[in-house]
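Working notes, structure below.
Reckoned from all heavy atoms, side chains included, excluding hydrogens, waters and symmetry mates.
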Amino acid sequence: MKALAWALALALAAGISPASADDAGLPLCVAKDIDAHPANPDGDEAARWEEEGAQAAAYEKFQLGAFYRLGRSHPAALVERDIEKARPLLAHAALGGQLAAMASSAELELEHGDPMAGMVWAQLYAFYMQREHPSQFRTYQADLIKRGFDALPRGEKTDQEIEALVRGFLDKHGAQIDDALASKGDEGSAGDRKCRPVHEVYPTRLELKGDRVPLAGGHGAVSRHRLYDPGLAMYRLHIAPSGEVVRAMVVESLPGPAAGKGLMRSVQRLRFNPVAEDAPTRVVLLPMSYDDSSVRIRD
């Protein structure tokens with residue numbers, strides 16, 4: 001059994017794009033205090049929640065929803081579980097193009113007694129993932145859908161209800177999600193910008209032979225955290241100029257906390273391309289899945 005990491009997902013999450021010659025004279029954008037990031041349990045509590053609320057961007061809503069969904073069982077263990085807060089945050093994040101928030105919403109509803117809502121979110125997650133990133137995390141998608149079907153009555157009536165609800169959702173919200181996905185990574189024209197994003201000046205590439213990451217510590221490392229089935233975790237990584245991971249924080253862990261905890265050692269051992277010694281810390285989002293090959297989505 002091995003953990004999967006995808007370099008393409010890293011590039012998309014970091015918003016990497018070529019630096020324009022017109023930007024050469026601009027200073028680097030000043031990053032927020034990385035120690036104050038919400039996923040850092042040792043960070044400043046006041047700064048941690050400053051972006052909570054209606055004006056938060058889709059990603060901030062996603063990570064807050066993830067914290068509230070798992071509560072103290074989240075690897076960051078920052079807040080008490082609050083499903084009533086988690087549900088709208090994750091839904092709004094999904095409409096804002098955060099596809100992992102669809103999976104989070106599916107897990108939330110399956111765990112808390114609404115398997116039809118969970119199945120609809122699961123189908124939406126698989127639909128968008130197969131459209132946007134067709135080779136990624138297919139075992140987790142299939143396992144999520146299987147668990148949704150297992151929680152529902154079998155039969156044609158159920159299938160028709162699922163199809164109608166998914167179609168209705170796409171008719172109502174599909175254009176909004178498509179617009180959000182299309183706008184990801186759009187940081188304005190060169191004439192509008194006052195600084196250059198770090199990732200444009202110092203791109204980040206995962207140095208990996210093949211498309212699989214060896215599971216650090218072997219199977220015992222994941223079974224210790226009760227990671228027995230397919231799982232998916234999103235990490236926020238701080239990368240030194242040398243390419244070493246100097247800090248790894250869990251943003252979301254699906255279905256529960258086991259994936260985020262069980263894959264942490266593997267994430268910490270990743271290496272990225274080195275850059276100039278005086279370069280600032282690079283920050284990227286990296287999804288990683290645990291694939292036990294138990295189920296597959298058929299093409």
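- Sorted by first and then second residue, the side chain to side chain donor-acceptor pair (under 3.5 Å) pairs with a member in residues 161-172 read Glu163-Arg167; sequence neighbours excluded.
- At least one side-chain heavy atom of Gln130 sits less than 4.5 Å from a side-chain heavy atom of Gln141.
- When each of Arg87, Arg147, Arg69 is paired with Glu107, the salt bridge (Lys or Arg N to Asp or Glu O under 4.0 Å) condition holds for Arg147 and for no other.
- To the nearest 0.5 angstrom, Lys157 atom NZ is 13.0 Å from Ile162 atom CD1.
- Annotation: the span from Met129 atom CE to Gln136 atom CD amounts to 5.0 Å, rounded to 0.5 Å.
- Put simply, the side chain of Tyr125 does not reach to within 4.5 Å of the side chain of Ile145, judged on heavy atoms.
- Side-chain heavy atoms closer than 4.5 Å link hydrophobic residues (I, L, V, M, F, W, Y) into clusters, and following such links, even through other members, never connects Leu70 to Val251.
- By the side chain to side chain contact (heavy atoms under 4.5 Å, CB included) test, Ala106 pairs with Trp121, Ala122, Leu144, sequence neighbours left out.
- Counting all heavy atoms, side chain and backbone alike, His74 lies closest to Ala66 at CD2-O, 3.8 Å.
- In this structure a side-chain-to-backbone donor-acceptor pair under 3.5 Å is present from Arg282 to Pro203.
- The two residues His238 and Thr281 come nearest to each other via the heavy atoms CB-CG2, 3.7 Å.
- Nearest heavy atoms, Tyr202 versus Pro280: CE1-CD, 3.7 Å.
- Counting only residues at least two apart or on different chains, the salt bridge (Lys or Arg N to Asp or Glu O under 4.0 Å) pairs with a member in residues 122-131 are Arg131-Asp178.
- Using a 4.5 Å cut-off between side-chain heavy atoms of Ile, Leu, Val, Met, Phe, Trp and Tyr, with links allowed through other members, Val250 and Val246 fall into different hydrophobic clusters.
- In this structure, Val79 and Leu64 have side chains that are not in contact, with every pair of non-hydrogen atoms separated by 4.5 Å or more.
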